[in-house]
Amino acid sequence: WDAAYERELQTFQDIGDTGEIWFGEESMVRIIRWLEKHKVPLDSSVLDIGTGNGVLLVELAKSGYMNLTGIDYSPSAIQLSEKVREKEGMSNIKLKVEDFLAPSAELSGFDICIDKGTFDAISLDPSDAAGKRQLYVASLGRVLNPEGFFLITSCNWTKEELLNEFREGFEILEELPTPKFCFGGRIGNSVTALVFQRK
């Protein structure tokens, strides 16, 4: 990931391209629409887990959200998101190098946690993916306030699989609509987007 974000950082410095938006812009719109529809207060504390280039946080800030934090375990990703934040003039976005599987003590008390692809990446880790998924769920339980919302977008997991992964301490509130496709007469989704609430 460091190498990928170093390339994106260089590209941003060369031509101002912010790089990959995981799951496309519609995934950011889907998240922001849900927050607005449910009248989530603009001063709610929001954590973007695996923020990458930080573009989601910029869009949240443009929508009026004020208490925004992005973490990534790649220092290059945080450097890139700092550059994007500067370019957009969003000084209120906090960015930190953090490993979500071993979060620091001060990473806590969030009303909303958002994940677009980070759980997917952890799930693909060749060394003890199942153990790392358990660590992720435990970390989420530590950083998210009781009754807090967790919005996850995944291309690796179905709704049923995610319900199973997050059954300890979380309940499903809503499945967000994602693009559908038809193959062999069956309809499916290439992406799953769910909203959980911490019990």
**Asked** Do Tyr136 and Phe119 make the cut of ring centroids closer than 6.0 angstrom?
**Response** yes
**Request:** Could you grab the distance from atom CD of Glu160 to atom OG1 of Thr192, nearest 0.5 Å is fine?
**Result:** 8.5 Å
**Prompt:** Counting only N and O atoms by type, is there a donor-acceptor contact under 3.5 Å from the side chain of Asp115 to the main-chain atoms of Gly117?
**Reply:** yes
**Item:** Euclidean distance, Asn145 CG relative to Ser108 OG, rounded to 0.5 Å
**Value:** 8.0 Å
**Message:** Which heavy atom of Ser63 sits nearest to which heavy atom of Leu42, and what is that distance?
**Reply:** O-CD2, 3.8 Å
**Request:** For salt bridge (charged side-chain N to carboxylate O under 4.0 Å, His left out), just list the numbers for Glu174 and Lys37, CA-CA rounded to whole Å, side-chain angles, deciding distance to a tenth of an Å, and then say yes or no.
**Result:** CA-CA 12 Å; Glu174 195 172 338; Lys37 179 179 150 195; 3.6 Å; yes
**Item:** Phe170/Leu163 under side chain to side chain contact (heavy atoms under 4.5 Å, CB included): CA gap, chis, key distance, verdict
**Value:** CA-CA 9 Å; Phe170 300 90; Leu163 290 177; over 6 Å; no
**Nearest non-hydrogen partners of Ile122 and Lys132, listed with the distance** = CG2-CB, 3.7 Å
**Asked** Measuring from Met90:CE to Leu60:CG, what's the distance to the nearest 0.5 Å?
**Response** 10.0 Å
**Request:** Look at the side chain of Asp120 and the backbone N and O of Ser154, then say whether any donor-acceptor pair between them is shorter than 3.5 Å.
**Result:** no
**Item:** Full working for side chain to side chain contact (heavy atoms under 4.5 Å, CB included) between Leu56 and Thr51
**Value:** CA-CA 8 Å; Leu56 173 59; Thr51 196; 5.9 Å; no
**Request:** Compute whether any side-chain donor of one residue and acceptor of the other, for Asp111 and Ser45, lie under 3.5 angstrom apart.
**Result:** yes
**Asked** So, the side chain of Asp48 versus the backbone of Leu57: is there a donor-acceptor pair under 3.5 Å, distance only?
**Response** no
**Asked** Can Val143 be reached from Val97 by stepping across I, L, V, M, F, W or Y side chains whose heavy atoms are under 4.5 Å apart?
**Response** no
**Prompt:** According to the interplanar angle, ranging from 0 to 90°, do the rings of Phe149 and Trp34 count as parallel (below 30°), tilted (30 to 60°) or perpendicular (above 60°)?
**Reply:** perpendicular
**Asked** What distance separates Ile49 CD1 from Cys113 SG, expressed to the nearest 0.5 Å?
**Response** 4.5 Å
**Asked** Are any of the side-chain heavy atoms of Ile31 and Lys116 separated by less than 4.5 Å?
**Response** yes
**Rounded distance [0.5 Å steps], CD in Glu26 versus OG1 in Thr178** = 9.5 Å
**Asked** Partners of Arg33 by side chain to side chain donor-acceptor pair (under 3.5 Å), sequence neighbours excluded?
**Response** none
**Item:** N/O donor-acceptor pair under 3.5 Å between Arg85 side chain and Gly54 backbone
**Value:** no
**Evaluation steps, side chain to side chain contact (heavy atoms under 4.5 Å, CB included), between Ile71 and Leu47** = CA-CA 8 Å; Ile71 61 165; Leu47 177 66; 3.9 Å; yes
**Residues that Asn67 engages under side chain to side chain donor-acceptor pair (under 3.5 Å), provided they are two or more places apart** = Lys94
**Item:** Side-chain heavy-atom pair Phe100, Asp72 within 4.5 angstrom cut-off
**Value:** no
**Message:** Using only atom types and a distance under 3.5 Å, with no angle test, would you say the side chain of Gln197 pairs donor to acceptor with the backbone of Glu171?
**Reply:** no
**Item:** Check: Val137 and Phe166 side chains under 4.5 Å, non-hydrogen atoms
**Value:** yes
**Request:** State whether the side chain of Ser44 and the backbone N or O of Val40 hold a donor-acceptor pair below 3.5 Å, judged by distance alone.
**Result:** no
**Message:** Quick check: is Leu151 connected to Leu194 through a chain of hydrophobic side chains (ILVMFWY, heavy atoms under 4.5 Å apart)?
**Reply:** no
**Message:** Donor-acceptor check, side chain of Glu98 to backbone of Ser104, threshold 3.5 angstrom: yes or no?
**Reply:** yes
**Asked** Checking side chain to side chain contact (heavy atoms under 4.5 Å, CB included) for the pair Arg30/Thr153: CA distance, chi angles, key distance, verdict?
**Response** CA-CA 10 Å; Arg30 190 183 307 123; Thr153 305; 4.2 Å; yes
**Item:** Over 12 non-hydrogen atoms of neighbours within 6.0 angstrom of NZ in Lys199
**Value:** yes
**Side-chain H-bond candidate by donor/acceptor type, Ser123 with Trp157, under 3.5 Å** = yes
**Asked** Is Val191 reachable from Ile172 through a run of hydrophobic residues whose side-chain heavy atoms are each under 4.5 Å from the next?
**Response** no
**Request:** Using a 4.5 Å cut-off on heavy atoms from C-beta on, say whether the side chain of Leu162 contacts that of Ile152.
**Result:** yes
**Request:** Run the salt-bridge test on Arg133 and Glu165 with the 4.0 Å N-O cut-off and return the result as yes or no.
**Result:** yes
**Message:** Under the criterion salt bridge (charged side-chain N to carboxylate O under 4.0 Å, His left out), I'd like the reasoning laid out for Lys62 against Glu88: C-alpha separation, chi angles, the key distance, then a yes or no.
**Reply:** CA-CA 10 Å; Lys62 286 178 180 175; Glu88 296 288 343; 3.4 Å; yes
**Co-membership, hydrophobic cluster, residues Phe150 and Leu173, 4.5 Å side-chain** = no
**Message:** Show, in sequence, the C-alpha distance, side-chain angles and deciding distance for Asp125 and Ser127, and conclude whether the side chain to side chain donor-acceptor pair (under 3.5 Å) test is met.
**Reply:** CA-CA 6 Å; Asp125 192 310; Ser127 61; 2.9 Å; yes
**Request:** Report yes if some heavy atom in the side chain of Leu176 is under 4.5 Å from a heavy atom in the side chain of Val195; otherwise report no.
**Result:** yes
**Prompt:** Are Leu107 and Ile78 joined in one hydrophobic group, where the rule is that I, L, V, M, F, W and Y side chains link up if heavy atoms are under 4.5 Å apart?
**Reply:** no
